[in-house]
*Asks:* 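Have a look at the structure that comes next, please.
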Amino acid sequence: MRLATWNVNSLKARMPRVEEWLAYARPDVLCLQETKLADAAFPQLAFSALGYEAVHHGDGRWNGVAILSRVGVEDVVAGFADGIEADTDTRLVTARCGGVSVTSVYVPNGRSLDSDHYRYKLAWLAKLRRHLDAVAAPDTPVAVCGDFNIAPEDRDVWDPAAFVGSTHVSAPERRALAELESWGLQDAFRGRYPDAEELYTYWDYRAGDFHQHRGMRIDLLLLSAPLAGRVRWALVDRNARKGKQPSDHAPVFVDLEP
DNA sequence: ATGGTAGAGCATCTA
């Protein structure tokens, strides 16, 4: 099974690139973030023509998440599970695909350490852990994939010194991510390549950051133990960050042994 | 020097 995640930064703007990538990478499951679409505008038919069922959770200008699957889509939960205070944004969607509980997440950015948005980010991550308790069990196949807006370690940013005092690297954010992992999830890419350096998934559009290799590894596939033990390889497709009208994020995928 | 670019939509907001 090939399981992928990609923050597309507007599905409307990115549709040609997404269709091209689906045809060439042929993931079984693709989690999308930042579709920036309302549900009614989601191009369900275009994905159906490529063999993908899809579920989308979005309300318009900002955020918006989806799961595309060619191994089925069942038990859909849009947003947080019942019993958890509803999100005002559309930042997560969960479905069962080919026997795997898949959640596509777009974790809040946080903006700055003194911002209400930063406190919202930390609270949101705590709710995500409670959501997992409600929808899945860690001894079953679970994948939580998406843009976490957190670089797990200093080596996951191009220059740790440039990020001192910023979001994405702060201790509380990293603790919140570790709390999520302690539920029973492993960072598939880091697990497969424990020593890999300078392999980023996001590069700011500004100042030629991509071409200067100034990136961050913030797009993650977190897998429960039954899946983490099956990772054959993991890949960041940097080619998808090149060329005409790229997203500022590259797709990341893992291949799981049968 | 708080810059730079891209995408939302049409004045700014978000990243």
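Worth saying up front: this structure is predicted, and the values here are computed from it rather than measured.
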*Asks:* Whole angstroms only, please: what is the CE-P distance between A:Met15 and B:dG7?
*Replies:*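 Rounding to the nearest Å, CE of A:Met15 and P of B:dG7 are 16 Å apart.
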*Asks:* Measure CZ/A:Arg17 against C1'/B:dA6 and give the value in whole Å, please.
*Replies:*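 It is 14 Å, rounded to the nearest whole Å.
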*Asks:* Closest to the A:Arg206 side chain: B:dA8, B:dA15, B:dG7?
*Replies:*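 My answer, after comparing the listed nucleotides, is B:dA15.
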*Asks:* CD of A:Gln33 versus P of B:dT14: gap in Å, rounded?
*Replies:*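 After rounding, the reported distance stands at 20 Å.
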*Asks:* If I pick the P atom on B:dG7 and the same atom on B:dT2, what distance separates them, to the nearest angstrom?
*Replies:*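 Nearest-Å result for B:dT2 against B:dG7 at atom P: 25 Å.
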*Asks:* Both A:Gln245 and A:Asn149 contact DNA chain B. Taking the nearest nucleotide for each, which residue is further toward the 5' end?
*Replies:*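 Nearest-nucleotide comparison on DNA chain B picks A:Gln245.
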*Asks:* Rounded off to whole Å, could you give me the CG-to-C1' distance for the A:Asp204 and B:dT5 pair?
*Replies:*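 Answer to the nearest Å: 7 Å.
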*Asks:* Can you figure out which of B:dA11, B:dT5, B:dT14 approaches the side chain of A:Arg61 most closely?
*Replies:*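 The nucleotide sitting nearest to the side chain is B:dA11.
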*Asks:* Quick one: label A:Tyr106 by what it contacts on the DNA or RNA (base, sugar-phosphate, nothing), any heavy atom closer than 4.0 Å.
*Replies:*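 The answer is sugar-phosphate, as A:Tyr106 gets under 4.0 Å only of primed atoms, P, OP1 or OP2.
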*Asks:* Looking at A:Asp28 and A:Arg2, is there a salt bridge between them, counting it only when a charged N and a carboxylate O are closer than 4.0 Å?
*Replies:*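 Salt bridge flag = no for A:Asp28 with A:Arg2.
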*Asks:* Could you measure between the two P atoms, the one in B:dT14 and the one in B:dG9, and give it in whole Å?
*Replies:*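 It works out to 14 Å between them.
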*Asks:* If you check the A:Arg14 side chain, which of B:dT5, B:dG7, B:dG9 turns out closest?
*Replies:*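 The listed nucleotide nearest to A:Arg14's side chain is B:dG7.
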*Asks:* Using salt bridge (Lys or Arg N to Asp or Glu O under 4.0 Å) as the criterion, point out the one residue from A:Arg192, A:Arg217, A:Arg174 that pairs with A:Asp187.
*Replies:*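 One option only clears the test, and that one is A:Arg217.
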*Asks:* Are A:Val71 and A:Val100 connected, step by step, through hydrophobic side chains (Ile, Leu, Val, Met, Phe, Trp, Tyr) whose heavy atoms are closer than 4.5 Å?
*Replies:*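 Cluster IDs for A:Val71 and A:Val100 match.
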*Asks:* Take atom CG of A:Asn109 and atom P of B:dC13, then tell me their distance rounded to the nearest Å.
*Replies:*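 Going from A:Asn109 (CG) to B:dC13 (P), I get 16 Å.
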*Asks:* What is the distance, to the nearest angstrom, from the CG atom on A:Asn63 to the P atom on B:dC13?
*Replies:*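 Atom-to-atom, A:Asn63 to B:dC13, this comes out as 17 Å.
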*Asks:* Please measure how far the C1' atom in B:dA15 lies from the corresponding atom in B:dG3, and state the result in whole Å.
*Replies:*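 One C1' to the other, the span is 16 Å.
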*Asks:* Tell me: CG of A:Asn7 to C1' of B:dT14, nearest whole Å?
*Replies:*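 Computing the A:Asn7:CG to B:dT14:C1' distance gives 12 Å.
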*Asks:* Closest approach to the side chain of A:Ala13, judged atom by atom: which nucleotide of B:dA15, B:dG7, B:dA11 is it?
*Replies:*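 Nearest listed nucleotide: B:dG7.
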*Asks:* Rounded to whole Å, please give me the gap between NZ in A:Lys244 and P in B:dT5.
*Replies:*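 About 20 Å, once rounded to whole Å.
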*Asks:* If hydrophobic clusters are built from ILVMFWY residues whose side chains come within less than 4.5 Å, do A:Val8 and A:Val252 share one?
*Replies:*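 Cluster IDs for A:Val8 and A:Val252 match.
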*Asks:* Can you say whether the rings of A:Trp158 and A:Phe163 are parallel (under 30°), tilted (30 to 60°) or perpendicular (over 60°)?
*Replies:*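 Perpendicular: the ring planes of A:Trp158 and A:Phe163 meet at over 60°.
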*Asks:* Between A:Gly110 and A:Gly60, just flag the one whose closest nucleotide in DNA chain B comes earlier from the 5' side.
*Replies:*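 Result of the comparison: A:Gly60.
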